[in-house]
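Have a look at the structure below, then the notes.
Reminder, nothing fancy here: chain letters follow the sequence lines and each chain counts from 1. We use all heavy atoms of the structure for the numbers below, so side chains are in, but hydrogens, waters and symmetry mates are not.
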Number of protein chains: 2
Amino acid sequence: MKRTTQHIDYSDDAVRIARYAKALSHPVRLTILKLLSNQSCCFTTDLVDVLPLAQSTISQHLKELKDSGLIQGEINPPKIKYCINQEKWEEAKALFEVLFSKDFTKIKIT
Amino acid sequence: MKRTTQHIDYSDDAVRIARYAKALSHPVRLTILKLLSNQSCCFTTDLVDVLPLAQSTISQHLKELKDSGLIQGEINPPKIKYCINQEKWEEAKALFEVLFSKDFTKIKIT
DNA sequence: AAAACTAATCGTATATTTGCGATATACAAA
DNA sequence: TTTGTATATCGCAAATATACGATTAGTTTT
């Protein structure tokens, strides 16, 4: 997109909420997160079996979730076991709690 | 995008969480929501004054927030007063609470 | 060493998002 | 009625997202 206006510096909180929200903004990724929650962890193979999407597509969604921090992959040759990253998950939970609380009026956004 | 695979029917909850998350996935929209929270309501003019973005761009973000249901506009000639839609806001809050709770393993996604 | 399996990445196509300026629309004020 | 103010929408451009199949890379098994 055109970026003719000055860059806006948002607060860390705003950037983090936005990033987590984006990770959560696709039903497939919610499905993956639910599967990981259900089984505590799971292999990509299992996801590919369950979801009606190409392996490459699922891999892309996993990458996005990984980039957001919400999940982590553990190498378990020859497979990779994905789990929810509890620390980040709790952070996201806390951030959304603030967002939906009265304290939202106080948090720094820009 | 190519849609060669079958359409996936996600649950209402999944679709709603994803939609709310998408609305929250941009720092500008978080900023707008914070401003509305702070002042309970506010006119577009005020937003245009505060944010370093073109009026048309802000209007677009307002439209997205409106479409998500999180805000509503009240005509107040010649201006439009935007407010947070408390009902939908509470719904979003509840959905994210479930998402981050143990009950997430139980909610229907697909 | 060869074959099989797992997962990531590449290249490509299309859709959507984000931004802008310009224009349209609707109402209020002069 | 003309002018001004407020907001939405249009048309465009660039970036990002979403999907696929094909290929690559790394392990494991045979």
Point to revise | Candidate pair B:F100 and A:E97, rule side-chain contact (heavy atoms from CB on, under 4.5 Å), full reasoning | key: CA-CA 10 Å; B:F100 286 109; A:E97 271 169 13; over 6 Å; no
Check your understanding: Would A:I107 and A:I17 count as a side-chain contact (heavy atoms from CB on, under 4.5 Å) if you check the C-alpha gap in whole Å, the side-chain angles of each, and the deciding distance to 0.1 Å?
Key -> CA-CA 12 Å; A:I107 75 167; A:I17 293 176; 4.2 Å; yes
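Residue A:T44 is classed as a sugar-phosphate contact, given heavy-atom separations below 4.0 Å to backbone atoms only. In this structure, B:T45 reaches the sugar-phosphate backbone alone: every heavy-atom distance under 4.0 Å involves primed, P, OP1 or OP2 atoms, never a base. Using a 4.0 Å heavy-atom distance criterion, B:E64 is classed as a sugar-phosphate-only contact. A:S56 comes within 4.0 angstrom of a base, heavy atoms only. Within 4.0 Å (heavy atoms only), A:K81 reaches no atom of the nucleic acid at all.
If you measure from atom NZ of A:K66 to atom C1' of C:dT9, you get 11 Å, rounded to the nearest angstrom. Between the NZ atom of B:K63 and the C1' atom of C:dT18 there is a distance of 15 Å, rounded to whole Å. With rounding to whole Å, A:L51 atom CG is found 11 Å from D:dA19 atom P. Between the P atom of D:dA17 and the CZ atom of A:R19 lies a distance of 13 Å, rounded to the nearest Å. Rounded to an integer number of Å, the gap from CG of A:D49 to C1' of C:dC5 is 13 Å. Separating the NE2 atom of B:H61 from the P atom of D:dT7 is a distance of 17 Å, rounded to the nearest angstrom. Atoms CZ (B:F43) and C1' (D:dA8) sit 17 Å apart, rounded to a whole Å. Rounded to an integer number of Å, the gap from CG of A:L30 to P of D:dT18 is 12 Å.
In this model, a side-chain donor or acceptor of B:Q55 finds a partner on the base of D:dA8 within 3.5 Å.
The minimum heavy-atom distance between B:L30 and A:A14, with the atom names listed, is CD1-O, 3.4 Å.
Not one side-chain nitrogen or oxygen of A:H26 sits closer than 4.0 Å to the OP1 or OP2 atom of D:dT16. Residue B:T57 places none of its side-chain N or O atoms closer than 4.0 Å to OP1 or OP2 of C:dG19. Considering only side-chain N and O atoms, B:S59 lies nowhere under 4.0 angstrom from the phosphate OP1 or OP2 of D:dT7.
Proximity note for A:A54 (side chain, C-beta onward) versus D:dC20, C:dC20, D:dT7: the nearest is D:dC20.
A centroid separation of 6.0 Å or more is found between the aromatic rings of B:F96 and B:Y20.
Between B:H61 and B:H26, the ring planes lie tilted relative to each other; the angle falls in the 30° to 60° range.
Both A:Y82 and B:K22 sit near DNA chain C, but only A:Y82 has its closest nucleotide nearer the 5' end.
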